[in-house]
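In listed order, ligands and their atoms are each counted from 1.
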Amino acid sequence: MSKTKVIAIANQKGGVGKTTTALNIAAGLVKAGKKVLAIDLDPQGNLTNYIGHDLDELPTISELLQQIAVNQLNSESIQQSIRTNAEGIDYIPSNILLASADMFLSNVICREQVLHRLLKGDAFAAYDYILIDCLPSLGILLTNALTASDSVLIPVQAQKFALDGLEQLEQIYAMVKENINPELEIEGVLLTMADNTNMSKAVESALTDRYGSKVYHSKIRRSVEATNSTYEQKSLIATKSSKLGAEYQAVVDEMLQ
Ligand SMILES: Nc1ncnc2c1ncn2[C@@H]1O[C@H](COP(=O)(O)OP(=O)(O)OP(=O)(O)O)[C@@H](O)[C@H]1O
Ligand SMILES: [Mg+2]
């Protein structure tokens with residue numbers, strides 16, 4: 001069995017398509033026969049909702065991290081925290097408790113490594129891919145995601161000032177790579193919500209200048225399909241004749257090459 005690959009989907013800028021990308025790449029990888037776990041690491045719980053989660057009393061990622069923080073994680077909570085959605089994607093939901101992670105992780109030793117410790121457990125070894133949907137901020141949860149990951153996939157929205165802020169993300173990436181996780185790599189940079197405006201083309205060429213071959217050839221265009229897909233709680237990949245679905249499928253194909 002090959003090693004599990006952990007990928008963080010990150011950009012601290014809000015609304016750039018992280019969650020849409022996380023869910024659809026997960027769906028595409030499942031379609032390609034991979035065993036995939038998606039983790040919602042955002043207290044907003046957008047992935048949790050998009051993936052079709054029904055509220056229950058079982059542990060979420062918040063409870064797991066809290067239990068690790070007080071050294072009381074047990075394998076039963078891990079098993080209970082993993083659900084499977086209608087499309088066969090395993091997932092761990094989040095809830096609003098995660099918003100206080102800054103607090104409950106603040107006194108933990110090696111607090112950047114809490115998620116990493118979780119994912120090293122036996123329950124996760126069977127996955128081909130673990131995708132982490134990050135929140136739009138640069139705090140402790142992002143550092144945890146980067147510490148636990150093999151690579152980071154950065155969605156960038158084709159709009160004005162799209163590249164502002166990427167420098168901060170790169171600084172955190174470099175800090176984590178230098179000090180905690182030397183194997184960390186950039187998985188790829190994905191242009192999202194692209195259209196035919198000059199602005200969109202300018203962002204695309206600026207990205208290529210900056211990240212070269214790390215930029216996916218496939219890009220995701222702007223389409224109402226995305227919002228409809230979250231409303232229907234069904235991936236674009238599984239939506240018949242969806243244009244965005246085909247574009248996300250092309251990104252997955254590039255990843256698998
Ligand atoms: N390609 C697209 N075309 C049009 N709308 C899109 C596209 N991708 C995502 N959207 C919409 O844009 C909004 C933000 O997308 P999404 O939630 O994926 O971004 P995010 O980066 O995860 O946001 P946040 O930073 O809040 O976590 C959503 O309403 C989503 O449906
Ligand atoms: Mg999101």
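Ligand 1 places these atoms under 4.0 Å from at least one heavy atom of L244: 1 (N). Residue R221 has at least one heavy-atom neighbour below 4.0 Å for each of these atoms of ligand 1: 1 (N), 2 (C), 3 (N). In summary, the atoms of ligand 1 found under 4.0 Å from a heavy atom of V16, numbered by their order in the structure, are 19 (O), 20 (P), 21 (O). Remark: ligand 1 atoms within the under-4.0 Å shell around heavy atoms of D42 are 27 (O). Each of the atoms 14 (C), 19 (O), 20 (P), 21 (O), 23 (O), 24 (P), 25 (O), 26 (O) of ligand 1 lies under 4.0 Å from some heavy atom of G15. Listed by atom number, the atoms of ligand 1 under 4.0 Å from G14 heavy atoms are 25 (O).
At a 3.5 angstrom cut-off on N or O pairs, T230 does not count as close to ligand 1. Note: an N/O pair closer than 3.5 Å links G17 and ligand 1 by distance alone. At under 3.5 Å, a nitrogen or oxygen of T19, whether backbone or side chain, sits near a nitrogen or oxygen of ligand 1.
The existence of a salt bridge linking K3 and D150 is confirmed by a sub-4.0 Å separation between a basic side-chain nitrogen and an acidic carboxylate oxygen. Salt bridge status for E247 with R221: present, with a side-chain N to carboxylate O gap under 4.0 Å. Between K35 and D90 a salt bridge is recorded (basic side-chain N to carboxylate O distance below 4.0 Å).
No continuous path of ILVMFWY side-chain contacts below 4.5 Å connects M255 to L184, so the two sit in separate hydrophobic clusters. Under a hydrophobic-cluster definition in which Ile, Leu, Val, Met, Phe, Trp and Tyr are linked whenever side-chain heavy atoms come within less than 4.5 Å, directly or via other members, L135 and I92 are assigned to the same cluster. A chain of hydrophobic side-chain contacts below 4.5 Å, direct or via other Ile, Leu, Val, Met, Phe, Trp or Tyr residues, connects F104 to L41.
Summarising the contacts of atom 12 (O) of ligand 1 with K243, M193, R222, the nearest heavy atom is found in M193. When E247, Q12, Q44, E225 are checked for heavy-atom proximity to atom 27 (O) of ligand 1, Q44 turns out nearest.
Not one N, O or S atom of T20 sits under 2.8 Å from the Mg ion (ligand 2).
Defined by atom type and a distance below 3.5 Å, a donor-acceptor pair is present between the side-chain atoms of S218 and E254.
Shortest contact from atom 18 (O) of ligand 1 to any protein heavy atom: T20 OG1, 2.6 Å. For atom 20 (P) of ligand 1, the closest heavy atom belonging to the protein is K18 N, 3.4 Å. Among all non-hydrogen protein atoms, the one lying nearest atom 29 (O) of ligand 1 is T227 OG1, 4.2 Å. In terms of protein heavy-atom proximity, atom 3 (N) of ligand 1 is closest to S223 N, 3.0 Å.
Around atom NE2 of H53, more than 12 heavy atoms belonging to other residues, nucleotides or ligands sit under 6.0 Å away. Crowding of K201 atom NZ: a count of heavy atoms from other residues, nucleotides or ligands under 6.0 Å exceeding 12.
In this structure, I220 is part of the shell of residues with a heavy atom less than 4.0 angstrom from ligand 1.
If you look at A226 next to ligand 1, the close heavy atoms, those under 4.0 Å, come from the backbone and the side chain alike.
Atom CG in D128 sits 7.0 Å away from atom OG1 in T4 (nearest 0.5 Å).
Between the T48 side chain and the P93 main chain, no donor and acceptor come within less than 3.5 Å of each other.
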Checklist entry - Going through the distances and angles, do Q67 and S77 end up as a side-chain hydrogen bond (donor to acceptor under 3.5 Å, both in side chains)? => result CA-CA 9 Å; Q67 288 174 15; S77 351; 2.9 Å; yes

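The protein reaches atom 9 (C) of ligand 1 closely, with a heavy atom under 4.0 angstrom from it.
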